[in-house]
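Note that these values count all heavy atoms, side chains included, but never hydrogens, waters or copies made by symmetry. By convention in this document, chain letters (A, B, ...) are assigned in the order of the sequence lines, proteins followed by strands, and residues within each chain are numbered from 1.
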Protein chains: 2
Amino acid sequence: MTSVVPLHPGSDVPGLSRYAALASALRARIVAGEWPPGSALPAESLLATQHQVALGTMRRALEQLVNMGLVERIHGKGTFVRQGIAGASMLRLFRFDSGGGEVPQSRILSRQRVHASAAVARQLGVAPGEPVLQLQRLRLLAQRPCLLEDIWLPLDLFAALENSDTQAWGDLLYPQFANQCGVHVHRAVDHIGFALLTGTQAHHLQLPPGHPCVAVERNAHDLTGRCVEWRTTRADAHAFHYTVTIT
Amino acid sequence: MTSVVPLHPGSDVPGLSRYAALASALRARIVAGEWPPGSALPAESLLATQHQVALGTMRRALEQLVNMGLVERIHGKGTFVRQGIAGASMLRLFRFDSGGGEVPQSRILSRQRVHASAAVARQLGVAPGEPVLQLQRLRLLAQRPCLLEDIWLPLDLFAALENSDTQAWGDLLYPQFANQCGVHVHRAVDHIGFALLTGTQAHHLQLPPGHPCVAVERNAHDLTGRCVEWRTTRADAHAFHYTVTIT
DNA sequence: AAGTGGTCTAGACCACTCT
DNA sequence: GAGTGGTCTAGACCACTTG
């Protein structure tokens, strides 16, 4: 009988290579907030000596963090925890007539504090009945409505938004989240489907009721993986276009 | 004045790192057919000594080929040129009632040799008027039509398909391309959009004329980058669903 | 000039696959 | 056992950024 032997010599995490274990450990420290978004990690050489591994091994771990989208490395400057995603990401799904890469204007139609329905609670990962902030938002290109959004935000994170002046919010929401609430959207999952517009939805988009639309349901997450936003975006189905490459 | 100096010592390709140059050279040999799809490259140690670089440098080059999707490496076995993509890739865009990961049945509705229209010629990258094979194909799940496809193939590659028995083709087209014509589809670009069904399209799909549909235009390419197929697939828009993760 | 990440080396040893 | 790819090391040197 032999005792259990690690996968690799010196590895203290059975079943994981050394660089993978290092990446996991660094990830935990990033998620815990030891290095906040935008800040720099220690130099790779320092991290290597601190963890008593060769430089190449530490580089490999950092490379894995890059692939996870957690950090980005800049030659000559350092290794930085990635900021939240910018926004305007919804427009990549559509081609509007005068949408030459410009950020659409944002108009908040309504904002109210509500109790989370079962569906909203499930999407946000909070208890049903918890207070959430509900927004309805219209986005316009060249003064023409193009996107209609219903947004739910957990109030414990976004209390600062409840009474601030929506006129001053600017056209992108995620920078707003970061500046006013310290919430960085790090990852978003979009479920794209097809539907027909209700009367009120159609009215906001200046389209006929029953008009075909694309409905994008988005769950946005922060670094820790917590869902910080649930959103449904609707737009004219004829404006939809998306390109995927298979390999 | 100093003369132009390579980016890295020993690099014979200015502006490219050594491993990138190696990857490029290997890529050229793969595309040229020196190692056909499915075959193994020489061992990394052999390649390294042949090219007079350190093992780590050659590994880096091979890693880049993996990221390009050109080869796959199997621990203990070797490095293999990737086979063409399998097929059934269209179903990832839809959720049909009884579509539990099964391959839909394929029914060729028509096959004819035609002269490439301007549009078809442009998509396939051939001269207008060149002979092409046009297929119309219906795909069914649990005996119910779900996808209608119009397919154009350049005849110089696919002459073998012109007279073979379509009943014997099987439910996936790409394996057929590989087996009968030696054409390996290595990469496909799908443009997803929205449309309304014409009367005849609707009839094939057993839907009402004017019914909303998703139209997927696909350009499929082989290893050399040549477009070997142009296809438009149509299906009930209500069955469409797609998930994208942004990071 | 000092500090950062990027490239490359030469070699040891481990893990997986097939015979 | 022989051959393959995967991990790790210790070090040299290059390229980029900033002061």
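R18(A) has no side-chain polar atom (N or O) that falls below the 4.0 Å cut-off from OP1 or OP2 of dT7(D). OP1 or OP2 of dG6(C) has at least one side-chain nitrogen or oxygen of R59(A) nearer than 4.0 Å. The phosphate of dG5(D) has OP1 or OP2 within less than 4.0 Å of a side-chain N or O from T79(B). Between K77(B) and the phosphate of dG3(D), there is no side-chain N or O to OP1/OP2 separation shorter than 4.0 Å. Between R60(A) and dC8(D) there is no side-chain polar atom (N or O) within less than 4.0 angstrom of OP1 or OP2. Dashed line: the shortest gap from a side-chain N or O of Y19(A) to OP1 or OP2 of dC8(D) is not under 4.0 Å. Between S45(B) and dG5(D) there is no side-chain polar atom (N or O) within less than 4.0 angstrom of OP1 or OP2.
Counting any heavy atom pair closer than 4.0 Å across all strands shown, L55(B) reaches no nucleic acid atom. In this structure, L62(A) reaches neither bases nor backbone, as no heavy-atom distance under 4.0 Å exists between it and the strands shown.
The CD-C1' distance, from Q64(A) to dG6(D), rounds to 14 Å in whole Å. Rounded to whole angstrom, the span from the CG atom of L22(B) across to the C1' atom of dT9(C) amounts to 14 Å. In this structure, E72(A) atom CD and dT17(D) atom P are separated by 14 Å, rounded to whole Å. In this structure, E44(B) places its CD atom 16 Å from P of dG11(C), rounding to the nearest Å. Rounded to whole Å, the distance from CG on L47(A) to P on dT4(C) is 10 Å. Atom C1' of nucleotide dT7(C) and atom CG of L16(B) are separated by 13 Å, given to the nearest angstrom.
Exactly one residue among L70(A), L41(A), L65(A), V31(A) makes a side-chain contact (heavy atoms from CB on, under 4.5 Å) with V81(A). That residue is L41(A). When I192(B), V216(B), V244(B) are each tested for a side-chain contact (heavy atoms from CB on, under 4.5 Å) with V244(A), only one passes: I192(B). Of the residues listed (H184(A), E229(A), Q83(A)), the one engaging Y174(A) in a side chain to side chain donor-acceptor pair (under 3.5 Å) is E229(A), and it is the only one.
Both M58(A) and G76(A) lie near DNA chain D, and the one whose nearest nucleotide falls closer to the 5' end is M58(A). The residue among L41(B) and G56(A) whose nearest nucleotide of DNA chain D is located toward the 5' end is L41(B).
Using cut-offs of 30° and 60° for the angle between ring planes, the Y242(B) and Y242(A) rings count as tilted.
When distances are taken from the side chain of R73(A) to each of dG5(C), dT9(C), dG6(D), the shortest belongs to dG5(C).
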Subject >> Candidate pair L155(A) and V132(A), rule side chain to side chain contact (heavy atoms under 4.5 Å, CB included), full reasoning >> reply: CA-CA 5 Å; L155(A) 202 60; V132(A) 298; 5.6 Å; no
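The side-chain ring of H75(B) is stacked on the base of dA15(C), judged by centre separation under 5.5 angstrom and plane angle under 30 degrees.
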